[in-house]
Amino acid sequence: MSRHRSAALVGNPNSGKSALFNALTGARQKIANYPGVTVERKAGRLTLPSGESLELLDLPGSYSLDSASPDEEVTRQVIQGSFEGEKLPDVIVLVLDAANLEQHLVFAQEVLELGRPTVVALNMVDLAERDGLTLDPAALSAALGVPVIPTVAVRRKGIAELGQAIAEAERHAVEAPQRHWHLTQTERRLAAKHIARGTILSRTTRHTVENGFDRVLLNPWVGPLILFALLFVVFQAVFAWATPFADALEGLVGTLSGWAIALLPEGVLRDFVTEGVLAGVGSVVVFLPQIVILFFFILLMEASGYMARAAFLMDRLMAGVGLSGKSFIPLLSSFACAIPGIMATRSISDPKDRLTTILIAPLMTCSARLPVYAVIIAAFIPQTTVGPGIGLQGLVLFVLYLAGIVGAMVVALVLRGTVAKGAASGFIMEMPRYQMPRLRDLGIGLWQRAWVFLRRAGTIIFVATIALWVLLSFPEAEPGESQLDASIAGTIADGLHPILAPIGFNREISLAIIPAMAAREVAVSALATTYAVETEDEELAAQGVTERIADLWTLPTALAFLAWFVFAPQCLSTLAVARRETNGWKWPIFMVVYLFALAYIFAGLTYWGAVALGW
Ligand SMILES: Nc1nc2c(ncn2[C@@H]2O[C@H](COP(=O)(O)OP(=O)(O)OP(=O)(O)O)[C@@H](O)[C@H]2O)c(=O)[nH]1
Ligand SMILES: [Mg+2]
């Protein structure tokens with residue numbers, strides 16, 4: 001081992017270290033774990049032009065030597081020579097993204113301050129060129145005081161030159177000793193700007209135009225307004241565009257139900273198909289268009305490069321409640337589902353930042369809540385407009401999403417002052433280029449989302465609904481007795497109802513929120529199945545769940561139900577993931593308790609407020 005000299009690839013995340021590593025070492029790699037941490041140690045063998053072979057390490061990407069995420073910590077210790085069992089690399093290969101030079105130069109200076117023999121790989125020059133940037137590697141080399149080799153890792157361009165430079169790095173370091181800076185982070189940023197300016201020889205109009213866009217979209221005043229307006233339009237569209245498709249799907253479920261009644265003999269099988277499968281699961285599937293439209297916009301914002309700008313704008317707001325912008329992406333993913341959101345918190349270095357983010361992730365309105373909100377909105381909120389082009393239904397949906405966000409921010413503020421005390425940490429982020437979203441990618445993304453939703457409907461929602469149908473259908477009622485009263489489920493609901501009656505919940509809601517722990521959408525299918533089982537009248541049974549709710553619930557009850565779903569931790573899988581990510585039951589239990597408490601309090605306040613207003 002000690003016969004070999006060694007070199008390490010260091011740089012910001014996504015600078016192309018691993019791509020260079022692959023290009024330099026080919027298949028000769030060994031992947032293991034660093035002891036005590038779950039960080040991979042990737043080492044490979046690089047053969048130099050002289051025939052000597054050298055061990056090359058691919059270190060985790062890092063923004064700074066100060067930060068403390070486990071993988072950044074490994075990088076810091078290895079290049080400072082303090083990692084036990086890893087010898088100090090003889091040469092550092094500093095990888096910079098030529099298309100994001102200024103950002104990458106901040107960390108680069110910190111690495112150069114170590115004074116180790118260093119070679120810079122100016123990677124992704126192809127992307128810089130595409131962006132309209134012409135770079136001058138010699139000027140960069142002069143500014144940094146180390147050799148700079150332009151590379152395109154994915155096309156193996158500059159790989160041989162880089163190998164040569166690594167071979168000569170130590171000699172070079174002796175012949176032309178590096179300067180020693182010791183700068184503060186602010187000074188490094190300033191210097192990065194100057195060095196980048198000196199390196200970029202020219203830029204094209206495209207680059208200038210994009211900068212102009214950023215100046216508007218990232219403006220601290222105009223930017224948030226545009227973001228807010230955009231989201232507003234999204235929620236309007238979720239209702240306005242989905243209606244014809246949702247109606248068609250509802251019609252289809254109705255037709256199938258009619259066939260089932262015509263074809264199947266009266267009895268348990270027919271009830272199972274009509275009440276359980278079609279009324280229950282069908283009532284959730286009709287929300288597919290809304291889900292697809294919501295994700296259409298989310299994917300569009302991602303693919304166009306706007307989402308990263310939104311994260312940048314949110315950074316200030318997040319700092320205000322003691323979180324960093326790093327929490328934004330996990331929280332954003334939680335709008336699809338809290339599970340990937342909570343898993344994405346692994347990228348947050350500060351453990352208390354991370355814990356806070358995990359605890360508030362369930363407050364972001366996940367897509368499973370959309371059917372619940374939509375069914376109540378459709379039942380109680382008239383399809384009127386409250387201004388030019390502003391539908392009331394979309395507005396209410398927007399407010400519900402906003403309520404979740406505001407709730408999350410307030411909770412974060414409280415947590416950061418109590419159980420997860422600490423100061424907000426800074427955040428550096430790269431802005432991707434603006435891009436025309438590709439239709440194909442958009443189509444694939446939408447298909448995946450739709451498939452996830454339909455698969456849920458076919459599995460977990462189906463099972464939970466059928467289980468409830470069984471509990472509702474047995475034992476069978478005596479003549480004159482209502483099926484709900486006679487059933488096992490009815491007995492359970494009667495037990496729970498007294499606790500929930502004060503906040504305006506009726507017996508059907510008490511019944512529906514239990515199986516909805518499996519998946520929130522089940523609240524809708526459970527209500528649909530309950531109403532279908534309950535009624536003997538075939539005509540009433542043929543009505544959708546929306547009409548039944550509109551007929552049978554009062555407005556205060558409906559609003560309380562919405563408020564409940566803004567907060568309630570109605571999802572067992574989220575709790576399981578939170579347990580895994582926090583290594584124990586303590587925090588998931590804390591999460592359940594505080595969310596249920598908030599749900600109960602806010603549903604109650606909503607109910608009593610609405611009753612007091614005479615709604
Ligand atoms: N066009 C182009 N793409 C590149 C180049 N080098 C790397 N990439 C791509 O950039 C992305 C990120 O590269 P990686 O090698 O994974 O980056 P990394 O520095 O190892 O990232 P972390 O391990 O997350 O720190 C991948 O999709 C690569 O294929 C390049 O020179 N040109
Ligand atoms: Mg990598």
Side-chain angles (χ1 to χ4, degrees), residues 7-27 29-34 37-44 46 56-65 67-79 89 92-101 103-108 110-111 118-135 137 140 148-163 165 199 302-303 305 308 326 329-330 343-349 427-433 435 438 441:
L9 289 158
V10 182
N12 286 35
N14 273 320
S15 50
K17 294 177 296 300
S18 299
L20 276 173
F21 177 75
N22 292 339
L24 285 165
T25 63
Q29 308 181 356
K30 237 173 49 200
I31 299 178
N33 256 12
Y34 281 109
V37 282
T38 54
V39 179
E40 272 183 355
R41 180 188 191 274
K42 280 175 75 181
L46 160 64
L56 187 66
L57 276 180
D58 180 15
L59 290 174
S62 191
Y63 288 109
S64 151
L65 294 179
S67 33
S69 87
D71 34 5
E72 286 181 320
E73 187 59 22
V74 167
T75 298
R76 182 184 71 77
Q77 290 183 3
V78 170
I79 61 176
I92 289 178
V93 183
L94 184 57
V95 186
L96 306 181
D97 172 357
N100 281 300
L101 196 54
Q103 283 107 322
H104 283 226
L105 279 170
V106 179
F107 179 55
E110 215 178 330
V111 173
T118 306
V119 178
V120 166
L122 185 60
N123 194 36
M124 308 209 183
V125 284
D126 57 331
L127 296 185
E129 246 164 61
R130 187 200 61 185
D131 286 1
L133 299 176
T134 312
L135 299 174
L140 185 60
V148 173
I149 315 294
T151 59
V152 180
V154 286
R155 286 204 200 83
R156 307 188 50 87
K157 272 199 202 152
I159 297 304
E161 292 83 345
L162 186 60
T199 306
E302 263 169 13
K326 277 192 184 172
I329 299 293
M343 291 194 324
T345 61
R346 287 182 196 174
S347 64
I348 302 174
S349 44
F427 176 51
I428 311 174
M429 204 171 123
E430 276 147 37
M431 296 294 149
R433 315 176 52 226
Q435 253 169 356
R438 267 185 302 212
D441 294 346

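It should be emphasised that the depicted structure is a prediction, and the values quoted were computed from it without experimental measurement. All ligand and atom numbering here is 1-based and tracks the order in the structure.
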ask   = Applying a strict 4.0 Å limit to heavy atoms, is Ser15 in contact with ligand 1?
value = yes
message = To the nearest 0.5 Å, what is the distance between CD on Gln103 and CG on Asn12?
response = 8.5 Å
Closest contact, heavy atoms only, Asn123 versus Ser15 = ND2-O, 3.0 Å
query = Quick one: side-chain contact (heavy atoms from CB on, under 4.5 Å) partners of Leu127, sequence neighbours excluded?
reply = Ala99, Met124, Arg130
ask   = Which residue and non-hydrogen atom of the protein lie closest to atom 6 (N) of ligand 1, and at what distance in Å?
value = Asn123 ND2, 3.1 Å
task = For atom 23 (O) of ligand 1, find the nearest protein heavy atom and state the residue, atom name and distance (0.1 Å precision).
result = Ser18 OG, 3.9 Å
message = Looking only at protein heavy atoms, which one is nearest to atom 18 (P) of ligand 1, and what is the separation?
response = Lys17 N, 3.5 Å
query = Short check: is a protein heavy atom less than 4.0 Å from atom 4 (C) of ligand 1?
reply = yes
ask   = Taking only residues two or more places apart in sequence, or in another chain, which ones meet Ala108 in a side-chain contact (heavy atoms from CB on, under 4.5 Å)?
value = Leu94, Leu96, Leu105
key: Which residue and heavy atom of the protein sit nearest atom 14 (P) of ligand 1, plus the separation   = Gly16 CA, 3.7 Å
key: Flag side-chain contact, heavy atom, 4.5 Å: Ile159 against Leu20   = yes
note = When distances are taken from atom 10 (O) of ligand 1, the protein heavy atom at minimum range is Met124 CE, 3.4 Å
inquiry  = What protein heavy atom lies closest to atom 11 (C) of ligand 1? Include the residue and the distance to one decimal.
reply    = Asn14 OD1, 4.2 Å
task = For Ala344 and Pro330, work out which heavy atoms get closest and say how close.
result = O-CG, 3.8 Å
key: ligand 1-proximal atoms of Val152, by part, heavy-atom distance under 4.0 Å   = both
request  = With rounding to the nearest 0.5 Å, note down the distance linking OG1 in Thr345 to CE in Met343.
outcome  = 9.5 Å
key: Euclidean distance, Leu9 CG relative to Leu24 CG, rounded to 0.5 Å   = 6.5 Å
query = How long is the span from the OG1 atom in Thr118 to the CD1 atom in Ile92, to the nearest 0.5 Å?
reply = 4.5 Å
message = I need the minimum non-hydrogen distance between Leu162 and Val119, along with the two atoms involved.
response = CD1-CG1, 3.8 Å
task = Check ligand 1 against Pro13 and write out every atom of the ligand that is under 4.0 Å from a heavy-atom position of the residue.
result = 25 (O)
message = Distances under 2.8 Å only: what protein N/O/S atoms are near the Mg ion (ligand 2), ordered by chain and residue?
response = Ser18 OG
note = for atom 32 (N) of ligand 1, nearest protein heavy atom and its distance come out as Asp126 OD1, 3.0 Å
message = Applying the side-chain contact (heavy atoms from CB on, under 4.5 Å) criterion to Leu122, which one of Leu140, Val95, Ile149, Asp97 satisfies it?
response = Leu140
message = Nearest 0.5 angstrom please: Asp58 CG to Arg41 CZ, how far?
response = 11.0 Å
request  = Heavy-atom distances under 4.0 Å are what count here, so tell me which part of Leu127 touches ligand 1: side chain, backbone, both or neither.
outcome  = side chain
inquiry  = Within the 4.5 Å heavy-atom criterion, are Val148 and Thr199 side-chain neighbours or not?
reply    = no
note = Of all protein heavy atoms, the one nearest atom 15 (O) of ligand 1 is Ala19 N, 2.7 Å
query = Sequence neighbours excluded, which residues qualify as side-chain contact (heavy atoms from CB on, under 4.5 Å) partners of Ser62?
reply = Glu72, Thr75, Phe107
task = For atom 29 (O) of ligand 1, state which one of Leu20, Val154, Asp97 supplies the nearest heavy atom.
result = Val154
task = Can you sort out which atoms of ligand 1 are near Gly61, meaning under 4.0 Å from one of its heavy atoms?
result = 25 (O)
message = Below the 3.5 angstrom mark, is there an N/O of Ala153, backbone or side chain, next to an N/O of ligand 1?
response = yes
